[in-house]
2 protein chains.
Amino acid sequence: MLEAVAAPPTRKGPQTAGRIREAALELFSRLGFERVTMGEIAAAAGVSQATLHYHFDDKACLWRAAMLQLGAVIAEEERLLEAMADAPPEVQLRMAMKLFLRISWKHPALGRIVALEGMAGGERLAWLDAHLTGPRNRRLAEIAQAAIDSGALKPFPAPMLVITLQAASAGVINLAPMMGVSFGMDPSAPEARQAHEQMILDAILGGLLTHPTTP
Amino acid sequence: MLEAVAAPPTRKGPQTAGRIREAALELFSRLGFERVTMGEIAAAAGVSQATLHYHFDDKACLWRAAMLQLGAVIAEEERLLEAMADAPPEVQLRMAMKLFLRISWKHPALGRIVALEGMAGGERLAWLDAHLTGPRNRRLAEIAQAAIDSGALKPFPAPMLVITLQAASAGVINLAPMMGVSFGMDPSAPEARQAHEQMILDAILGGLLTHPTTP
DNA sequence: AGGATTTCTGACTTTCTAATCAGAAACACA
DNA sequence: TGTGTTTCTGATTAGAAAGTCAGAAATCCT
């Protein structure tokens with residue numbers, strides 16, 4: 001059985017495969033592809049190393065399967081966005097950022113993977129773009145462009161706006177280890193998270209709008 | 001000779017060691033520590049693999065030596081900042097961001113390294129914090145705090161402000177490969193860079209100020 | 001229960017990588 | 001020129017990691 005994403009749970013195999021994917025996602029997203037060994041993933045999932053190769057052909061295949069776990073997350077994001085396709089684009093954009101923040105805190109792997117592979121380039125980035133991040137990025141850019149055209153958003157290149165907003169949002173989340181080391185601060189504490197959301201949505205997104213609505 | 005950072009240039013060795021450090025910095029910063037092999041660095045520097053071990057004890061040692069190349073960059077940043085220690089903190093902060101942008105475009109390795117190791121944690125992050133990024137981060141946080149205390153900056157946690165500003169600035173630079181793949185856009189083109197600077201300094205930093213000075 | 005199927009594992013092979021070392025080549029200097 | 005020093009390299013070693021495979025263990029079905 002090779003990288004079956006969804007399978008009937010009557011048998012026991014898919015459950016194990018799921019545990020493996022979860023462990024792999026956590027490790028891959030924190031450390032990147034080659035910093036993680038199959039042995040570590042096996043240990044984290046509580047199975048032997050050979051079991052990994054029973055469920056997934058090779059390491060790259062396991063990586064892709066782990067990434068597809070994130071597909072559901074992104075799909076949820078997309079669905080909520082589509083539900084408000086009729087709202088003014090700047091409202092959609094604000095909601096998209098709010099969703100992105102919420103989801104990034106819940107699934108920090110997403111932003112970390114984008115940061116890791118988005119810097120390195122290569123075939124894994126191409127795969128991510130085709131299967132996960134590309135469509136969402138381009139949809140967000142369209143919304144941003146619409147907001148620019150309607151005069152609500154300052155006229156910066158839409159791709160740049162989208163990437164910068166995501167980078168600004170994910171920065172504190174991704175770099176939590178560094179914030180701990182440099183400042184002794186844990187940004188995932190509830191009060192920090194609230195300040196973070198306010199900072200991103202009101203101050204930073206606000207600064208990009210022509211007429212910020214929130215004080 | 002083990003990780004001599006500065007040496008009399010009369011002999012030929014230090015020159016080779018410098019080439020090795022440059023090649024190592026480029027590769028390490030783009031791909032991270034373990035994604036890079038000594039063979040690749042040797043090939044990029046045009047020497048044999050054994051030469052790397054003649055100049056540097058081991059891979060970790062070479063990594064640190066490569067990172068210290070960035071020390072000069074950061075020192076320059078610091079120096080220019082100290083020259084305006086008497087200016088109002090929000091002016092210092094704006095200048096710091098302008099410097100950071102300029103330096104990040106010139107030496108993209110800095111932001112990439114921070115992103116890579118700042119996510120992963122571990123001893124390399126601790127080393128970076130102690131030798132390169134920690135002092136600068138804490139100084140910037142002090143400036144931000146002063147700007148908050150003077151009422152010029154909105155009162156978000158200073159460490160969060162500093163990290164977010166840097167993440168927002170470096171996002172487009174670090175993720176240039178992803179912008180190429182997702183949007184077919186090269187953010188390092190001159191006009192894109194100018195838009196980027198304006199976006200960061202005026203819109204984003206502006207949104208964090210209580211009374212933005214630039215329209 | 002008993003056979004068939006799925007799931008899993010220990011032991012092994014192959015490949016890749018960091019690190020070592022003896023000695024060659026380049027160089028400085030008398 | 002000859003000698004000693006610095007710099008560099010090819011060949012090799014040791015170890016780690018991915019991937020393979022025969023067969024054990026668990027599970028399912030009748």
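FYI, side chains are in, hydrogens and waters are out, and symmetry mates aren't considered; it's all heavy atoms of this structure. In the text below, chain A, chain B and the rest are named by the order of the sequence lines, each starting its count at 1.
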Establish, with yes or no, whether the OP1 or OP2 oxygen of [N] is under 4.0 angstrom from a side-chain nitrogen or oxygen of [X].
| X | N | answer |
| --- | --- | --- |
| B/Thr16 | D/dC8 | yes |
| A/Tyr54 | C/dC8 | no |
| A/Ser48 | C/dT9 | yes |

Tell me the ring pair (Phe, Tyr, Trp, His ring centres under 6.0 Å) pairs involving residues 160-182 of chain A, sequence neighbours left out?
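Listed by first then second residue: nothing to list.
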I need a per-nucleotide contact map over nucleotides 18-25 of chain D, read 5' to 3'. Cutoff is protein heavy atoms under 4.0 Å; write B for the base, S for backbone only, - otherwise.
BBBB----
Whole angstroms only, please: what is the [atom1]-[atom2] distance between [X] and [N]?
| X | N | atom1 | atom2 | value |
| --- | --- | --- | --- | --- |
| B/Arg35 | C/dC16 | CZ | P | 18 Å |
| B/Leu52 | C/dT17 | CG | C1' | 13 Å |
| A/Phe33 | C/dC16 | CZ | C1' | 14 Å |
| B/Glu40 | C/dA18 | CD | C1' | 13 Å |
| A/Ile20 | C/dC8 | CD1 | C1' | 10 Å |
| B/Arg19 | D/dT7 | CZ | P | 13 Å |

Got B/Met199 and A/Leu208 here, is their nearest side-chain heavy-atom distance under 4.5 Å?
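A side-chain contact exists here, since the closest heavy-atom pair is under 4.5 Å.
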[X]/[Y] ion pair, N-O < 4.0 Å:
| X | Y | answer |
| --- | --- | --- |
| B/Arg94 | B/Glu90 | no |
| A/Glu117 | B/Arg35 | yes |
| B/Arg64 | B/Asp58 | no |

By the salt bridge (charged side-chain N to carboxylate O under 4.0 Å, His left out) test, which pairs, at least two apart or in different chains, include something from residues 96-111 of chain B?
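Matches after skipping sequence neighbours: none remain.
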